[in-house]
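Just so you know, ligand 1 is whichever comes first in the structure, and atom 1 is the first atom listed for that ligand.
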Amino acid sequence: MSEHEAASAIAKRTGVDAHDIAVVLGSGWRPAADVIGECETEIPFAELPGFTTPGAVGHGGTIRSLKIGDKNVLVMLGRTHFYEGKGVDQVVHNVRTAAAAGVRSVLLTNAAGGLREGFQVGQPVLISDHLNLTARSPIVGANFVDLTDLYSKRLRDIAREIDPSLEEGVYAGLVGPHFETPAEIRMLRTLGADLVGMSTVLEAIAARAAGVEVFGLSLVTNLAAGMTGEPLNHEEVLEAGRAAATKMGSLLRELVTRA
Ligand SMILES: O=P(O)(O)O[C@@H]1C[C@H](O)[C@@H](CO)O1
Ligand SMILES: Nc1nc2[nH]cnc2c(=O)[nH]1
């Protein structure tokens with residue numbers, strides 16, 4: 001199924017011909033959806049061409065259309081991850097659909113492990129750049145897409161106007177679904193990563209290829225493997241997301257308003 005079929009289905013179901021901004025909510029971010037704005041139309045992924053219900057717990061599996069100020073906003077509660085084995089095109093169908101629906105900017109959020117000393121659980125971090133360690137690309141063929149300033153400085157500056165305490169970091173996108181070993185976290189730190197996750201990088205590349213401005217925001221839901229000596233688990237990730245939902249939802253709402 002093409003993204004154009006999904007975009008026309010969204011236009012038909014929402015009555016909105018073109019949306020301006022899309023927000024993708026990662027693990028544990030679902031409670032932030034209600035804070036971002038009042039839902040006008042909600043569509044289960046399963047009812048949209050080419051979408052599948054997310055396999056990861058904590059991913060809502062619906063798309064909401066709402067208005068924030070004069071902007072028509074798509075909020076995607078959940079995503080497909082590459083580790084689900086459905087291929088790269090399935091992972092990036094969300095942002096391709098958003099682009100086909102007319103959005104100019106996509107705000108990608110995720111739950112991530114914190115690698116940098118001083119990062120705390122519950123801390124949001126602006127993604128300044130990424131390391132794509134999936135060994136994959138959503139782009140096929142000799143289309144040499146430029147990725148400089150992939151994570152829009154314009155939107156990062158607006159986010160810092162909203163919350164000057166926001167720090168920036170480099171996000172390492174791995175396949176997962178296993179968490180990293182302590183040795184891999186030491187390697188990633190040597191490679192310059194500040195955050196580690198299992199999403200976002202392929203979506204960001206696909207959005208850039210579609211000419212859509214990209215913003216990325218990680219919520220540090222745990223310190224990366226080996227930093228505390230404690231084991232990692234997904235429930236801890238979801239709990240940190242729930243605890244930060246109101247703050248994260250408010251930040252995203254204000255960012256959409258000013259974007
Ligand atoms: O969609 P995101 O990247 O927030 O999901 C993260 C990565 C894994 O899917 C899961 C691990 O807890 O959370
Ligand atoms: N790869 C990875 N993804 C995460 N998502 C939330 N925490 C983590 C983590 O520690 N590692």
Side-chain angles (χ1 to χ4, degrees), residues 22-33 45 51-62 75-86 90-95 106-116 119-125 127 130-135 151 169-189 191 193-206 214-245 248-249 252:
V23 182
V24 178
L25 296 180
S27 286
W29 281 77
R30 186 176 173 188
F45 282 170
F51 281 85
T52 61
T53 303
V57 172
H59 283 252
T62 63
V75 180
M76 299 177 169
L77 286 78
R79 58 161 50 97
T80 296
H81 297 88
F82 190 52
Y83 58 68
E84 295 178 51
K86 296 173 181 172
Q90 189 67 64
V91 169
V92 302
H93 185 61
N94 58 356
V95 293
V106 62
L107 314 183
L108 302 172
T109 70
N110 62 56
L115 274 74
R116 191 155 84 202
F119 277 178
Q120 294 169 6
V121 171
Q123 176 177 354
V125 179
I127 297 176
H130 79 217
L131 302 175
N132 174 10
L133 300 180
T134 65
Y151 295 89
V170 173
Y171 175 92
L174 280 68
V175 172
H178 54 279
F179 289 114
E180 295 66 41
T181 64
E184 286 167 338
I185 293 302
R186 290 194 295 274
M187 171 196 74
L188 291 171
R189 200 178 286 120
L191 292 176
D194 301 297
L195 300 155
V196 58
M198 305 178 197
S199 69
T200 306
V201 298
L202 295 172
E203 290 152 289
I205 295 167
V214 177
F215 171 84
L217 184 65
S218 288
L219 178 70
V220 176
T221 54
N222 56 280
L223 297 188
M227 292 181 70
T228 64
E230 296 298 318
L232 277 60
N233 65 76
H234 188 54
E235 183 43 46
E236 168 193 14
V237 168
L238 299 182
E239 177 49 39
R242 281 192 288 269
M248 294 301 97
L252 288 172

Using a distance-only test with no angle check, is there a side-chain donor-acceptor pair under 3.5 angstrom linking N110 and T200?
-> yes
Just wondering, more than 12 heavy atoms not from E235 lying within 6.0 Å of its CD?
-> yes
Close-range residues for ligand 2, whose non-hydrogen atoms fall below the 4.0 Å threshold = A111, A112, G113, F179, E180, V196, G197, M198, T221, N222, L232, V237
Determine whether any heavy atom of W29 lies closer than 4.0 Å to an atom of ligand 1.
-> no
For the atom pair [atom1] ([X]) and [atom2] ([Y]), what is the distance rounded to the nearest 0.5 Å?
X	Y	atom1	atom2	value
L202	Q90	CG	CD	13.0 Å
E84	T53	CD	OG1	10.0 Å
E203	H81	CD	NE2	7.5 Å

Ligand-residue contact atoms, ligand 1 with [X], heavy atoms, under 4.0 Å:
X	result
R79	1 (O), 2 (P), 3 (O), 4 (O)
N110	3 (O), 4 (O)
G26	1 (O), 4 (O)
V237	12 (O)
Y83	8 (C), 9 (O)

Would one find an N or O of T109, backbone or side chain, under 3.5 Å from an N or O of ligand 1?
-> no
Heteroatom proximity flag, Y171 to ligand 1, N/O under 3.5 Å = no
Compare every heavy atom of A33 with every heavy atom of L25, then report the nearest pair and how far apart it is.
-> CD1-CB, 3.7 Å
Distance-minimising heavy-atom pair for H130 and Y151 = ND1-OH, 2.7 Å
Identify which of S27, S199, A111 has a heavy atom lying nearest to atom 3 (O) of ligand 1.
-> S199
So which of L195, V170, L115 actually passes side chain to side chain contact (heavy atoms under 4.5 Å, CB included) with L188?
-> L115
Quick one: does I127's side chain get under 4.5 Å of V214's, heavy atoms only?
-> no
